[in-house]
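In what follows, a structure is listed as structure tokens, so that the remarks can point back to it.
Counting starts at 1 for both ligands and their atoms, following the listed order. If you read the sequence from its start, that first residue is 1, and numbering goes on from there. Not measured: the values here are computed from a predicted model.
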Amino acid sequence: MRTLITNIKELLQIRDYETVKVSGKEMSILPKIENAFLVIENNLIAAFGSMSDCPKTIHDVEIDAKGKTVLPTWCDSHTHIVYAGNREKEFVDRINGLTYEQIANRGGGILNSAKKLNETTEDNLYLESKKRLDEVIATGTGAIEIKSGYGLTVDGELKMLRVIKKLKENNAITIKSTFLGAHSFPTEFKNNHSGYIDLIINKMLPTIVTEELADFVDVFLETGYFSIEESEKIIIEAKKIGLIPKVHVNQFTAINGISSCVRMNALSVDHLEIVTDDDITALKNSETMPVALPSCSFFIGIPYTPARKIIDSGLPLAIATDYNPGTTPSGNMNFVVSLACIKMKMTPEEAINAATINGAFAMGLSKTHGSITVGKVANLILTKPLNSYYELPYSFGSNLIDSVIINGQIT
Ligand code: NIG
Ligand code: FE
């Protein structure tokens with residue numbers, strides 16, 4: 001099937017096949033064609049260019065995009081959308097003065113979600129999660145990473161990963177699966193960390209490899225959660241079965257976790273609300289993508305990732321939602337792009353690069369997703385008529401998406 005989109009006011013994020021991420025000053029450039037056409041053949045981008053070169057042949061579907069902007073769909077490289085129930089009571093507790101840490105210390109937080117998850121059947125968990133997946137696709141997400149980490153038992157973690165696998169099999173968008181068994185220590189292992197780490201290594205990892213349940217491994221490397229030593233132990237074993245590390249680090253404290261992740265060749269380091277000069281030095285000369293999660297900072301009132309410090313030192317930066325029941329009950333990448341501009345002082349070009357090509361890199365998808373490139377998957381956002389793409393971050397909270405194309409099909 002061939003689809004032709006004509007009269008595109010601005011076709012954004014045009015890249016050659018070799019560009020897999022953009023760093024430092026390159027992030028301020030967002031290559032575009034004004035008054036453009038784009039051809040989709042089956043599920044791939046087949047051609048694009050200026051309207052003066054638009055093919056005259058008949059196409060199966062023709063879409064007039066007059067006044068509209070077209071850009072690649074968002075690449076959300078960090079989510080926890082498989083979970084059971086909500087944590088809206090904790091939200092009110094925080095309004096009334098408790099901190100995230102205080103709530104976690106009294107058995108709330110991740111352990112609260114783990115309790116709910118272990119009481120939920122795999123089928124119900126799938127249905128709850130599928131709703132969230134459909135919701136984020138409608139807001140322009142075309143590739144997503146989903147983590148486990150709310151099971152914290154052998155059965156619970158495997159249940160989550162099986163749900164992610166089923167989501168992969170039954171949905172059009174590309175999904176990457178991350179094993180986050182090391183999200184928190186369950187209460188019964190509070191004083192027996194090595195006991196839980198043994199369970200991860202000897203009981204969870206072997207089934208993950210035989211059932212092919214994960215692409216990546218994650219650890220919550222943080223004061224009060226997993227130390228550097230504990231994290232490295234898990235990551236080293238996970239790497240032996242082919243899982244690539246993507247790590248939660250520097251959310252609340254800087255404990256040299258980033259240099260450990262770089263040593264472990266992590267694909268990404270995520271959160272980074274607290275970043276030291278040593279962390280920046282560690283990231284330079286590495287292939288590790290820093291990932292900021294601004295709607296988490298917004299929701300729980302913690303500092304925003306210092307994007308300027310990161311980009312101005314020549315590093316790349318990706319942005320993602322962190323959609324989860326505790327710190328970010330939203331998977332809206334449009335809002336993340338707005339927050340990146342408003343709160344992290346990223347320009348619209350930097351924010352869009354961070355949410356597309358760099359997001360694709362942070363989940364190993366930049367050869368197929370994240371830009372308008374011949375041969376890449378035809379995952380596109382068509383906006384409502386806009387004055388310019390600056391309106392995307394500017395009109396925060398408004399839905400400026402007219403339609404979303406996934407694998408060449410209008411959703
Ligand atoms: O990315 N920081 C660790 N994990 C999640 C939140 C977990 C939760 O509170 O449920 C995050 O923010
Ligand atoms: Fe997270």
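Excluding waters, the protein N/O/S atoms found under 2.8 Å from the Fe ion (ligand 2) are H78 NE2, H80 NE2, H248 NE2, D322 OD1.
Salt-bridge annotation for R263 and E232: present, with a side-chain N of the basic residue lying under 4.0 Å from a carboxylate O of the acidic one. Under the 4.0 Å criterion applied to side-chain N and carboxylate O atoms, K89 and D93 are not assigned as salt-bridge partners.
When all heavy atoms are compared, the tightest approach of H183 to Y225 is O-CD2, 3.6 Å.
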>> Could you go through Y304 and F298, starting from their C-alpha distance and side-chain angles, then the distance that decides it, and tell me whether this counts as ring-ring contact (aromatic ring centres under 6.0 Å, His included)?
In response: CA-CA 8 Å; Y304 286 84; F298 172 81; 7.7 Å; no
>> With salt bridge (Lys or Arg N to Asp or Glu O under 4.0 Å) as the criterion, how do E230 and K233 come out once you've worked through the C-alpha distance, each side chain's angles and the decisive distance to 0.1 Å?
In response: CA-CA 5 Å; E230 291 166 342; K233 192 167 178 205; over 6 Å; no
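Contacts classified as side-chain hydrogen bond (donor to acceptor under 3.5 Å, both in side chains) and involving residues 374-385 (residues at least two apart or in different chains) are given here: S371-K376. Sequence neighbours left out, the pairs with a member in residues 17-36 that pass side-chain hydrogen bond (donor to acceptor under 3.5 Å, both in side chains) are E10-K32, D16-T19, K21-E287, K32-E34.
No more than 12 heavy atoms of other residues, nucleotides or ligands shown are found within 6.0 angstrom of OH on Y394.
The only member of I81, T79, T141 that meets side chain to side chain contact (heavy atoms under 4.5 Å, CB included) when paired with L133 is I81.
When heavy-atom distances to ligand 1 are checked against 4.0 Å, the residues falling inside are H78, H80, R87, Y100, I110, Y150, H183, F220, H248, Q251, H271, D322, N324, G326, T327, ordered by chain and number.
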